[in-house]
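One structure is given below, encoded as structure tokens.
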Amino acid sequence: MKMRKTVKTRRGLLDLTRPVVMGIINATPDSFYSGSRIPGAEAAAARCGEMLRAGAAIIDVGGCSTRPGAPMPGSDEELERLAPVLGRIRELHPDAVLSVDTFRASVARECVTRWNVDIINDISGGDLDPAMWDTVAELGTPYVLMHTRGTPDTMQSLAVYEDVAAEVLRDLAEKVDALHARGVADVIVDPGFGFAKDIEQNYRLLAALGAFRALGCPLLAGMSRKTMVWKELGITPGQSLPGTLALDTIALLNGADILRVHDVAETVQAVGVTEAYLRNMPERNSISTLRPDTNQADITMA
């Protein structure tokens, strides 16, 4: 299947010919990485400006922590957290491409219609709110389809696979087809690192990342400061930036189009030097020319 290299947003086409960075802003008090918790709308808008100046192409704003075991706020509380942050960001950065990290259709609708949010990033892949896909189709926004199982309370108990890459790929392939059938044209695929996967499964998924390009959708990788970095190394999330950058570089070489990260400036540098490396390889002139349509591993969607 031919890869799409653009995503149509309300601000025009987002060019993915070269990989882009999505910066994370958490309007939550309990995100797993304390450095991502930003107190207040002014601080969040300032962080947004820093990320944009550092080279972020997308800013992803969330009002509901999805770390394992996190308590779920109601939709009203989630919107109360998002409203001042999105409102102030839109005032100061009207042209920023914004994504909202939510699994609730009602929250997604409010964010798109009230603050002109450009992308809906659904960690549940439509499983936690049956109205989400029809809402996305009606709004006409790009949709990040992520793989997980269960809820944040239960997902780690469901990390049981015979072949994690093949099973995740099959699940996402079925959902991509269903979304296209509903009229959702711009689907971005996220294999869901850390969601209903243990550390070993995360690394197997990363090794097989190129296979997901067979879906024909832009590919998002979100590994920033997650347990696959810090638990593997016996460190803390706050110490895990170098490990994160290593994994992000591997993801780029395996075909990632979007890197979702806490540390934008450092990741932009990683993208730049990875592209420089590839430009100087024989018969390679960008990351996009290296990206395989399928992984070397024997992975099928059958």
> Going by an N to O cut-off under 4.0 Å, is there a salt bridge joining E232 and K226?
Replying inline: no
>> Checking R11 against D95 for the salt bridge (Lys or Arg N to Asp or Glu O under 4.0 Å) test, could you report, in this order, the C-alpha distance in whole Å, the side-chain angles of both residues, the deciding distance, and whether it holds?
In response: CA-CA 7 Å; R11 255 147 282 282; D95 297 324; 5.2 Å; no
> Would you say the side chain of E275 lies within less than 4.5 Å of the side chain of V273, judging by non-hydrogen atoms?
Replying inline: no
> Say you draw a straight line from OG1 of T141 to CG of N116; how long is it, rounded to the nearest 0.5 Å?
Replying inline: 12.0 Å
> Is a side-chain donor or acceptor of Q239 paired with a backbone partner of T236 at a separation under 3.5 angstrom?
Replying inline: yes
> What distance do D134 atom CG and D129 atom CG have between them, rounded to the nearest 0.5 Å?
Replying inline: 10.0 Å
>> Let me confirm one number: the CG-OG1 distance from N254 to T249, rounded to the nearest 0.5 Å.
In response: 11.0 Å
> Got a salt bridge between D186 and R10, using NZ or NE/NH1/NH2 to carboxylate O under 4.0 Å?
Replying inline: no
>> Show, in sequence, the C-alpha distance, side-chain angles and deciding distance for L247 and Y203, and conclude whether the side-chain contact (heavy atoms from CB on, under 4.5 Å) test is met.
In response: CA-CA 9 Å; L247 293 186; Y203 280 96; 3.7 Å; yes
> Can you find a pair of side-chain heavy atoms, one from L16 and one from V7, that are under 4.5 Å apart?
Replying inline: yes
> Do you know the tightest heavy-atom contact between A208 and A165?
Replying inline: CB-CB, 3.6 Å
>> Looking at every heavy atom in both T244 and M223, which two are closest together, and how far apart are they?
In response: OG1-O, 4.3 Å
>> On a heavy-atom basis, which atom in V268 and which in A54 lie closest, and how many Å separate them?
In response: CG2-O, 3.4 Å
> Going by an N to O cut-off under 4.0 Å, is there a salt bridge joining R88 and E91?
Replying inline: yes
> At what distance, to the nearest 0.5 angstrom, does CG of L259 lie from CG of D248?
Replying inline: 4.5 Å
>> Show the nearest heavy-atom pair for residues L82 and G63, with the distance to one decimal.
In response: CD2-N, 3.6 Å
> Below 4.5 Å, heavy atoms only, C-beta onward: do L215 and L172 meet side chain to side chain?
Replying inline: yes
> Given side chains that start at C-beta, do those of I25 and C48 come closer than 4.5 Å, heavy atoms only?
Replying inline: yes
> Nearest heavy-atom pair of A57 and L14: which atoms, and what distance?
Replying inline: CB-CD1, 4.3 Å
>> Contact between V271 and V21 at the side-chain level, heavy atoms closer than 4.5 Å - yes or no?
In response: yes
> Do R213 side-chain atoms and G255 backbone N/O form a donor-acceptor pair below 3.5 Å?
Replying inline: yes
> What's the spacing between D101 CG and C111 SG if we round to 0.5 Å?
Replying inline: 10.5 Å
> Do the side chains of I199 and I250 join up, straight or via other hydrophobic residues, at under 4.5 Å, putting them in one cluster?
Replying inline: yes
> Under 3.5 Å, side chain of R260 to main-chain N/O of M22, donor-acceptor pair present?
Replying inline: no
> Hey, mind stepping through K5 and D257 against side-chain contact (heavy atoms from CB on, under 4.5 Å) and telling me if it holds?
Replying inline: CA-CA 9 Å; K5 292 296 181 184; D257 298 289; 4.3 Å; yes
>> Can you confirm whether more than 12 heavy atoms, excluding those of E200, are under 6.0 Å from its CD atom?
In response: no
> Is there a path of hydrophobic side-chain contacts, each under 4.5 Å between heavy atoms of I, L, V, M, F, W or Y residues, that connects L158 with M155?
Replying inline: no
>> Going by side-chain contact (heavy atoms from CB on, under 4.5 Å), name the residues that satisfy it together with N202, two or more places apart in sequence or in a different chain.
In response: F193, K197, M228
>> Using side-chain contact (heavy atoms from CB on, under 4.5 Å), reason through V61 and V100 one step at a time and then give a plain yes or no.
In response: CA-CA 5 Å; V61 183; V100 61; 5.6 Å; no
> Is S124 reaching over with its side chain to a backbone N or O of F103, donor-acceptor style, under 3.5 angstrom?
Replying inline: no
> Given the rule that I, L, V, M, F, W and Y join up when any side-chain heavy atoms are under 4.5 Å apart, are L206 and Y161 in one cluster?
Replying inline: yes
> Is it true that R225 and D263 have a side-chain N and a carboxylate O under 4.0 angstrom from each other?
Replying inline: yes
>> Using a 3.5 Å distance criterion without hydrogens, assess whether the side chain of R149 forms a donor-acceptor pair with backbone atoms of T154.
In response: no
> P191 versus H147: any side-chain heavy-atom pair under 4.5 Å?
Replying inline: no
> Donor-acceptor pair, D190 side chain versus L145 backbone, under 3.5 Å?
Replying inline: no
>> Just by distance, no angles: are the side chains of D122 and Y143 close enough, under 3.5 Å, to form a donor-acceptor pair?
In response: yes
> Are R170 and E174 close enough for a salt bridge, meaning some N to O gap below 4.0 Å?
Replying inline: no
>> Strictly distance-based, threshold 3.5 Å: is any side-chain N or O of T9 a donor or acceptor partner for the main-chain N or O of G12?
In response: yes
>> Ignoring hydrogens, what is the shortest heavy-atom contact between E162 and E167? Give both atom names and the distance.
In response: N-OE2, 2.7 Å
> Same cluster for L245 and L209 if Ile/Leu/Val/Met/Phe/Trp/Tyr side chains link at under 4.5 Å?
Replying inline: no
> L92 and I89: same hydrophobic cluster, using ILVMFWY side-chain contacts below 4.5 Å?
Replying inline: no
> Does a side-chain heavy-atom distance below 4.5 Å link L219 with I258?
Replying inline: no
> How many angstroms lie between atom CE of M132 and atom CD1 of I120, to the nearest 0.5 angstrom?
Replying inline: 6.0 Å
>> For I119 and V144: C-alpha separation, side-chain torsions, deciding distance, then whether side-chain contact (heavy atoms from CB on, under 4.5 Å) applies.
In response: CA-CA 7 Å; I119 299 169; V144 179; 3.8 Å; yes
>> Could you tell me if the side chain of R109 sits less than 4.5 Å from the side chain of R114, heavy atoms only?
In response: no
